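As the structure is a prediction and not an experimental result, all values here were calculated from the model. Only heavy atoms go into these numbers, but all of them, side chains included; no hydrogens, no water, no symmetry mates.
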Amino acid sequence: MSSSSNTYRITIVGAGIIGLTTACTLLKEYATNENLQLTIISEKFTPETTGDISAGYWEPYGLKTIDERILRWAGYTYNIFLSEFFSIKASCGGIMKVTSYRLYGFNGQNKDNNINNTEKPKFSELVRHFRLLDQHELETFDHLKPTSGFVMSSIVVEVSKYLPQLLRFLSQDNRVKFIKKKIHSLIELKDKADVIINCTGLASRYLVGDQTVRPARGQVIRVYAPWIKSAYSFDTDEGFGYVVPQSDRVVLGGTFQLNDWNTKVDENDTRKILRMCAKALPALEQIHSGRVDVGLRPYRDDGVRLEHEKTIDGINVVHCYGHSGAGVTVSWGCAKDVVDIVKTLLPPNSKRQDNLPEHEQLWRLVPNFKYIILRAKI
């Protein structure tokens, strides 16, 4: 396949959470292949990616269907993040383990009549410390008057800290090259790569002509509320809201507006988010401002596309896009499946035996001063 029998040329298009976790997984699986040439091309790098705007909260969210694939990817990713929280990566990578409450219904009524105190979400078996809330616990939130709910241990990944750490790790390998550029067509890469991995998210609508990919606009507010240590998601009379703590701020959300391409702040949405979150946590009524961010999630009508395609131009492409609001949640799991496909196209050498924990095999912390060199390369 390669122009040289001794060289594997792999190009990843997209440098968000999906693209960079895929790159790290590739380096793990091709650890002993000195002939690997890995190129990461993206119009935007952190802190300009959609993931940098997100709350980074682990939970399958914004997907039409949560099927076996989603659960497998999410479970694998949860275990990676959890092990990273209990490692030296937690602080630099912005990884937090949090108690998370999900409350259904508002004012004693539930829009979804199928939800009751005995139901568990499909992902309940993947997480630690999951349990349904009993009536006494629900009464704690009597100002909302929810009809049911659950609590679990989840993970929050501060993407604006996590992605730079992945980039630092990748930049240490002389087989990796970064190019900041917009790709308009995969034809541009035909003679430059043996395998192309498409991790372009919403841009796949134009790059590969997938009209089933459309934006799900998300607006969030980052506020200073240090007393909030747990995550909350809840129903109100104005819609669904959430409160997610990060290292030095708390993310209040949010919106999920399909087919809305507006990337500017909507003041009406800002006021609505503040109102909803204050209904769940009344102390937030004193918060009147914060940093407002807007991002466009890559929603796909048919769910995540993760598959190999041999184009009519003879290009081997592995697609991985359409993650909607679950990009962080399924990132490492999707990366693993993508690389498994790549390995069938470009078989690696025998994998080196490594006694390190799985998360340390995927990527490792490197000194911060190296990042200066990386930014110069990009």
Side-chain angles (χ1 to χ4, degrees), residues 17 20-21 24 51-61 66 70-103 120-133 137 140-141 149-166 169 220 222-234 241-254 277 280-281 323 325-336 356-365:
I17 188 72
L20 295 192
T21 53
C24 291
D52 287 289
I53 295 169
S54 73
Y57 173 69
W58 184 98
E59 183 179 328
Y61 171 71
I66 299 178
I70 297 297
L71 293 175
R72 177 164 51 81
W73 296 334
Y76 180 81
T77 305
Y78 179 92
N79 290 333
I80 292 295
F81 287 147
L82 187 64
S83 62
E84 289 182 344
F85 171 74
F86 290 105
S87 77
I88 62 172
K89 296 179 178 179
S91 176
C92 292
I95 306 158
M96 298 170 55
K97 176 176 175 288
V98 298
T99 300
S100 174
Y101 295 88
R102 173 61 169 108
L103 304 168
K120 296 181 179 180
K122 292 181 179 179
F123 58 80
S124 63
E125 300 298 323
L126 305 178
V127 301
R128 308 296 193 274
H129 312 126
F130 179 93
R131 60 182 174 80
L132 297 172
L133 297 175
E137 291 170 309
T140 303
F141 304 95
F150 63 81
V151 62
M152 66 179 183
S153 290
S154 188
I155 300 292
V156 175
V157 178
E158 200 164 351
V159 180
S160 60
K161 289 186 175 181
Y162 198 72
L163 292 188
Q165 296 300 331
L166 300 187
F169 167 76
V220 298
R222 282 176 164 81
V223 302
Y224 183 70
W227 64 89
I228 298 175
K229 306 299 183 184
S230 299
Y232 303 87
S233 53
F234 45 86
Y242 53 86
V243 176
V244 177
Q246 293 187 334
S247 60
D248 58 356
R249 288 293 184 270
V250 175
V251 180
L252 310 181
C277 292
L281 299 175
H323 301 84
V328 171
T329 300
V330 300
S331 55
W332 287 110
C334 284
K336 183 178 185 301
L356 292 171
E358 179 77 357
H359 71 91
E360 287 292 340
Q361 293 181 45
L362 292 171
W363 69 280
R364 307 194 72 181
L365 289 175

Whether Lys229 side chain and Pro226 backbone form a donor-acceptor pair below 3.5 Å: yes

Step-by-step side chain to side chain contact (heavy atoms under 4.5 Å, CB included) determination, Arg364 to Leu362: CA-CA 7 Å; Arg364 307 194 72 181; Leu362 292 171; over 6 Å; no

pair Phe130-Pro121: side-chain heavy atoms closer than 4.5 Å: yes

Phe123-Tyr78 aromatic ring centre distance below 6.0 Å: no

Approximate separation, where rounding is to 0.5 Å, of Gln246 CD and Arg222 CZ: 4.5 Å

From Ser230 atom OG to Tyr101 atom OH, the distance as rounded to the nearest 0.5 Å: 5.5 Å

Pairwise side-chain contact, Arg128 with Asn79, heavy-atom cut-off 4.5 Å (strictly under): yes

Which atom of Leu126 lies closest to which atom of Ala74, heavy atoms considered: CD1-CB, 4.2 Å

Phe150 side chain near Ser124 side chain, heavy-atom distance below 4.5 Å: no

Closest approach of Leu133 to Leu103 (non-hydrogen atoms, all atoms of both residues): CD1-CD2, 3.7 Å

Test item: Leu20 and Trp363 side chains (from C-beta on) under 4.5 Å apart, heavy atoms: no

Over all atoms of both residues, closest heavy-atom pair of Ser91 and Lys161: O-CD, 4.4 Å

Sidechain-backbone polar pair: Thr329 side chain, Glu59 backbone, donor-acceptor under 3.5 Å: yes

Working for side chain to side chain contact (heavy atoms under 4.5 Å, CB included), residues Tyr232 and Phe141: CA-CA 11 Å; Tyr232 303 87; Phe141 304 95; 3.9 Å; yes

Side-chain heavy-atom pair Val127, Glu125 within 4.5 angstrom cut-off: no

Minimum heavy-atom distance Cys334-His323, with the two atoms named: SG-NE2, 3.6 Å

Separation between CZ of Phe81 and OH of Tyr162, rounded to the nearest 0.5 Å: 4.5 Å

Shortest non-hydrogen contact from Ala225 toward Val250: O-CG2, 3.4 Å

Reported NE2-to-CD distance for the pair His359 and Glu84, which is rounded to 0.5 angstrom: 6.5 Å

Atom of Thr77, atom of Gly333 and distance for their closest heavy-atom approach: OG1-N, 2.9 Å

Check: Val251 and Glu158 side chains under 4.5 Å, non-hydrogen atoms: no

Check: Leu71 and Ile66 side chains under 4.5 Å, non-hydrogen atoms: yes

Criterion side chain to side chain donor-acceptor pair (under 3.5 Å) on Tyr57 and Ser233, from CA distance to verdict: CA-CA 11 Å; Tyr57 173 69; Ser233 53; 5.4 Å; no

Worked check of side chain to side chain contact (heavy atoms under 4.5 Å, CB included) between Gln165 and Leu365: CA-CA 7 Å; Gln165 296 300 331; Leu365 289 175; 3.3 Å; yes

Within-4.5 Å side-chain heavy-atom neighbours: Leu82 and Trp58: no

Spacing of Glu358 atom CD and Lys336 atom NZ [to the nearest 0.5 Å]: 8.0 Å

Interatomic distance, Ile155 atom CD1 to Phe85 atom CZ [nearest 0.5 angstrom]: 7.0 Å

Check: Val98 main-chain N/O paired with Ser154 side-chain donor or acceptor under 3.5 Å: no

